[in-house]
Amino acid sequence: MFQQGENPLTSDTFSGPYYLTSLVGSDNAAGSPELHYVVFEPGSFNNWHTHEGGQILIATDGIGYHQIEGEAVQVLHPGDVAYCPPGETHWHGASADTGFAHISVNTNPERTGLIWYDRISEEDYQSLPTS
């Protein structure tokens, strides 16, 4: 459906490889928010973080997770949508057994700040459902 990035990326804020593709850039004629296509390798997930403008995730492939701090983990399948309000701390990523792909949308293009925190523990991650 969408083109996965050509080369895997790595970062201190991700537990493993991921791919990032820009679908709509910040400088577009409609003034719409940036849209990114993010693909996580199986078992890869990101650290807790906040988006100043909030974030919407639209699952497109695989099985993934999304959790807002203090709330239950959402298991995401293709077609599911997860919302994280502005400034709320959350994390997301793939299940241990499958990759996970989603479109990410900043809900407020005027507020693009992003702050990274620590990662969930491997023990907490390993306790999540895999199907």
Side-chain angles (χ1 to χ4, degrees):
M1 180 184 298
F2 298 102
Q3 184 67 38
Q4 174 179 309
E6 289 184 29
N7 299 309
L9 303 172
T10 58
S11 168
D12 291 341
T13 56
F14 286 72
S15 68
Y18 66 99
Y19 300 82
L20 180 66
T21 305
S22 179
L23 300 176
V24 175
S26 60
D27 188 20
N28 62 78
S32 69
E34 288 182 274
L35 300 177
H36 294 98
Y37 186 57
V38 184
V39 178
F40 290 87
E41 293 278 334
S44 183
F45 54 97
N46 57 28
N47 290 14
W48 290 102
H49 60 284
T50 61
H51 294 269
E52 180 184 25
Q55 185 178 46
I56 295 171
L57 306 176
I58 304 166
T60 62
D61 193 27
I63 299 172
Y65 306 117
H66 175 257
Q67 182 181 23
I68 294 174
E69 191 171 38
E71 296 184 14
V73 173
Q74 292 177 275
V75 179
L76 302 175
H77 297 89
D80 289 343
V81 176
Y83 172 63
C84 188
E88 291 285 331
T89 303
H90 69 287
W91 71 272
H92 40 93
S95 78
D97 295 338
T98 69
F100 175 62
H102 68 278
I103 298 169
S104 67
V105 183
N106 177 348
T107 59
N108 184 341
E110 302 297 316
R111 299 173 63 200
T112 59
L114 174 65
I115 300 172
W116 291 100
Y117 302 103
D118 292 333
R119 187 172 300 141
I120 67 167
S121 72
E122 277 295 321
E123 182 178 87
D124 286 344
Y125 178 79
Q126 295 300 326
S127 72
L128 297 171
T130 57
S131 61

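Keep in mind it's a predicted model, so treat the numbers as computed, not measured.
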Same apolar cluster (I L V M F W Y, side chains within < 4.5 Å links), L114/Y117:
no
If the condition is side chain to side chain contact (heavy atoms under 4.5 Å, CB included), which residues does P42 pass it with, not counting sequence neighbours?
none
Treating Ile, Leu, Val, Met, Phe, Trp and Tyr as nodes and any side-chain heavy-atom pair under 4.5 angstrom as an edge, say whether V24 and L20 lie in one connected cluster.
no
Which atoms form the tightest heavy-atom contact between T21 and G5, and what is the distance?
OG1-N, 3.0 Å
For the CD atom of E41 and the OG1 atom of T98, what is their distance to the nearest 0.5 Å?
11.0 Å
Ring centres under 6.0 angstrom apart (F14, F40):
yes
Looking only at heavy atoms, what is the nearest atom pair of A72 and Q67, with distance?
O-CG, 4.1 Å
Side-chain touch I68/Y83, heavy atoms, less than 4.5 angstrom:
no
Looking only at heavy atoms, the pair that brings A94 and G99 closest together is CB-C, 3.9 Å
List in chain and number order the residues that pass side chain to side chain donor-acceptor pair (under 3.5 Å) with D80, two or more places apart in sequence or in another chain; answer none if no residue qualifies.
none
What distance do E52 atom CD and N108 atom CG have between them, rounded to the nearest 0.5 Å?
8.0 Å
For E71, side chain to side chain donor-acceptor pair (under 3.5 Å) partners two or more places apart:
none
Least distance between heavy atoms, G93 atom then F100 atom:
O-CD2, 3.7 Å
Run the ring-ring contact (aromatic ring centres under 6.0 Å, His included) test against F45 and tell me which residues pass, sequence neighbours left out.
W91, Y125
Nearest 0.5 Å, what's the NE2-CD distance between H90 and E69?
11.5 Å
Output for pair (N47 CG, W116 CH2), nearest 0.5 Å, gives 6.5 Å
Closest approach of T50 to G87 (non-hydrogen atoms, all atoms of both residues)
CG2-O, 3.5 Å
I'd like to check the side chain to side chain donor-acceptor pair (under 3.5 Å) partners of S127; sequence neighbours left out, ordered by chain and number.
none
Interatomic distance, OG1@T13 vs NE2@H49, rounded to 0.5 Å, equals 8.5 Å
Hits for side chain to side chain contact (heavy atoms under 4.5 Å, CB included) against I58, two or more places apart or cross-chain, chain-then-number order -> I56, V81, I103
Could you check if a side-chain atom of I63 sits within less than 4.5 angstrom of a side-chain atom of H77, using non-hydrogen atoms only?
yes
Take Q55 and N106, measure what side-chain contact (heavy atoms from CB on, under 4.5 Å) needs, and give me the verdict at the end.
CA-CA 5 Å; Q55 185 178 46; N106 177 348; over 6 Å; no
When rounded to the nearest 0.5 Å, the distance separating OG1 of T60 from OH of Y37 is 3.5 Å
Of all heavy-atom pairs between P8 and P17, which one has the smallest distance, and what is that distance?
CB-CB, 4.0 Å
Looking at H102 versus H66, is the centre-to-centre ring distance below 6.0 Å?
no
Run the side chain to side chain donor-acceptor pair (under 3.5 Å) check on E6 and Y19 step by step: do they pass?
CA-CA 8 Å; E6 289 184 29; Y19 300 82; over 6 Å; no
